[in-house]
Amino acid sequence: MLILVTGGSASGKSAYAEDLAVRLHSGTGAGEMPGEPGRRGSLGASGLWYAATMYHDLSDEETVRRIEKHRRQRAGKGFETLEQPRGIGALKMRVRPGDTVLLEDLSNLLANELFFVGDEGSAKDPYSEKWDNETVFESFLRERIIGPVLKLHKSGVRVVAVGNRIAEETDTSWDRYTAAYVAGLQKIQTELGKAADQVVEVVCGIPVIAGSGDGSEGVMTE
Amino acid sequence: MIFIIGGASEGQAEYAAAQYPMAGIIGAYHMRVREQMTKGLDPLMEAEKLLQKNDVGDELVIWSCEIGCGLVPADPFERAWREASGRVNCYFAAQADRVIRMVCGIGTVLK
């Protein structure tokens, strides 16, 4: 299952996505299933995961505050946190069919994938042409983000992916990197939206199901 | 209280005036949030105070603009403003008897 939750900044999308993930997961009895010896009591026993994508830049007070806010908000909801600021393909090593993963969020993930200059350097980057070649850029998006999310979804994991509405701007005279970032995030969201069981936009804390046309509040249950 | 939200110039003011001619209308609330911040006030507390003050039965319509659907602003004050404005919107929407979202002049009742 794949649900894409989107919304503007401070729209209440995170709180909604968290509660949705908890609701979907608790409806299944996952984590209580017999026949999985060694599972309970160990990491991942509950099968409810929070894939966190923000780098812990402790020198940045605002980032620290944001991370703290999100931690407080989800405290007590039963999530186990997986720090995955890049390379979400690795999630499949930890997460099993029947589990629920809240991926928060796609905009951070893409920023990290595109702009993080890390330990591995630039050696043998198969996507080094991505800024100059649209086809390579799209392959990069599929390989690093779209593909891994769809793989989880198809493997029987419940995925709640949080997106972001970033493209309604007054000034679109972006440099090429920012333009690529915006186009990239929109590509990811439209591709995941097409594959999703449901796309929900949160407006001022109110969930609106995309495509319903009636503005009805959507409550997704399994 | 009736809360109307939408992007800039999506028709909030016109809709409020046409649908609620007898109501007290507070418009462009996102700019009030900005002013409050420049004065060092807490916008969420100010929003609470506003609703308490108006709790006398007269119909109140508040409309605001969604300013959080762009890229993260580079300027810290702009970032804080859109964050505060979004949280105040969530608060008003939660308190409102009715929430309407404007897109291209069309109002959709969300609540």
Side-chain angles (χ1 to χ4, degrees), chain A residues 6-16 54 60-63 65-66 69-70 73 105 107-108 110-111 115 163-175 177-186 189 200-218, chain B residues 1-10 12 15 29-30 33-34 37 42-44 47 62-104 106-111:
Chain A
T6 190
S9 79
S11 61
K13 60 187 184 300
S14 293
Y16 174 80
M54 278 187 96
D60 180 12
E61 198 190 319
E62 208 172 307
T63 299
R65 274 209 310 272
R66 279 200 91 76
K69 186 191 137 254
H70 279 281
Q73 188 174 282
D105 60 40
S107 52
N108 269 313
L110 179 62
F115 305 122
N164 216 322
R165 298 192 58 204
I166 60 158
E168 297 188 19
E169 276 281 1
T170 52
D171 180 3
T172 55
S173 57
W174 297 312
D175 64 70
Y177 301 106
T178 309
Y181 174 77
V182 174
L185 186 59
Q186 297 296 72
Q189 294 182 149
V200 185
E201 182 195 5
V202 181
V203 182
C204 310
I206 301 169
V208 179
I209 307 293
S212 68
D214 61 356
S216 60
E217 283 189 41
Chain B
M1 184 264 287
I2 314 287
F3 184 55
I4 305 175
I5 186 68
S9 305
E10 292 279 9
Q12 290 95 316
Y15 186 92
Y29 198 87
H30 60 298
V33 170
R34 193 179 173 94
M37 291 175 71
D42 176 353
L44 205 51
I62 301 171
W63 68 260
S64 192
C65 290
E66 172 59 76
I67 57 167
C69 292
L71 287 171
V72 179
D75 182 76
F77 180 81
E78 302 295 326
R79 281 203 296 280
W81 175 39
R82 81 177 193 149
E83 176 76 23
S85 185
R87 296 296 163 207
V88 167
N89 288 347
C90 288
Y91 171 72
F92 281 150
Q95 299 298 314
D97 302 303
R98 176 173 286 193
V99 178
I100 297 138
R101 182 207 210 177
M102 301 301 301
V103 178
C104 305
I106 310 281
T108 303
V109 177
L110 300 187
K111 173 183 163 182

Student: Begin with the C-alpha distance, continue with both residues' side-chain angles, and end with the deciding distance and a verdict on salt bridge (Lys or Arg N to Asp or Glu O under 4.0 Å) for B:R34 and B:E78.
Tutor: CA-CA 9 Å; B:R34 193 179 173 94; B:E78 302 295 326; 2.9 Å; yes
Student: Taking the basic N atoms (NZ, or NE/NH1/NH2) and the acidic carboxylate oxygens, is any pair closer than 4.0 Å for A:E62 and B:R79?
Tutor: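 Between B:R79 and A:E62 there is a salt bridge, with a charged N closer than 4.0 Å to a carboxylate O.
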Student: Please state whether the side chain, the backbone, both or neither of B:I5 comes within less than 4.5 Å of a heavy atom of chain A.
Tutor: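 When you check distances to chain A, only side chain atoms of B:I5 fall under 4.5 Å.
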Student: Checking B:E83 against A:R66 for the salt bridge (Lys or Arg N to Asp or Glu O under 4.0 Å) test, could you report, in this order, the C-alpha distance in whole Å, the side-chain angles of both residues, the deciding distance, and whether it holds?
Tutor: CA-CA 11 Å; B:E83 176 76 23; A:R66 279 200 91 76; 3.4 Å; yes
Student: Quick check on A:V182 against chain B: is it the side chain, the backbone, both or neither that has a heavy atom closer than 4.5 Å?
Tutor: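 Answer is side chain: those atoms of A:V182 sit under 4.5 Å from chain B.
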Student: Using non-hydrogen atoms only, which part of A:S107 is less than 4.5 Å away from chain B: side chain, backbone, both, or neither?
Tutor: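 Answer is neither: A:S107 stays 4.5 Å or more from chain B.
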Student: Report the C-alpha separation of A:V200 and A:K13 in whole Å, then their side-chain angles, then the decisive distance to 0.1 Å, and conclude whether the side-chain contact (heavy atoms from CB on, under 4.5 Å) test is met.
Tutor: CA-CA 9 Å; A:V200 185; A:K13 60 187 184 300; over 6 Å; no
Student: Chain A heavy atoms under 4.5 Å from B:R101: which part of the residue, side chain, backbone, both or neither?
Tutor: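 Side chain only.
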Student: So for B:V88, is it side chain, backbone, both, or neither that comes closer than 4.5 Å to the heavy atoms of chain A?
Tutor: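 Looking at B:V88, nothing touches chain A.
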Student: Applying ring-ring contact (aromatic ring centres under 6.0 Å, His included), can you list everything that pairs with B:F92, at least two apart in sequence or on another chain?
Tutor: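 So B:F92 forms a ring-ring contact (aromatic ring centres under 6.0 Å, His included) with B:F3, B:Y29.
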Student: Between B:G68, B:A8, B:G70, which has the largest tally of heavy atom pairs under 4.5 Å with chain A?
Tutor: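 Most pairs with chain A among the choices: B:G70.
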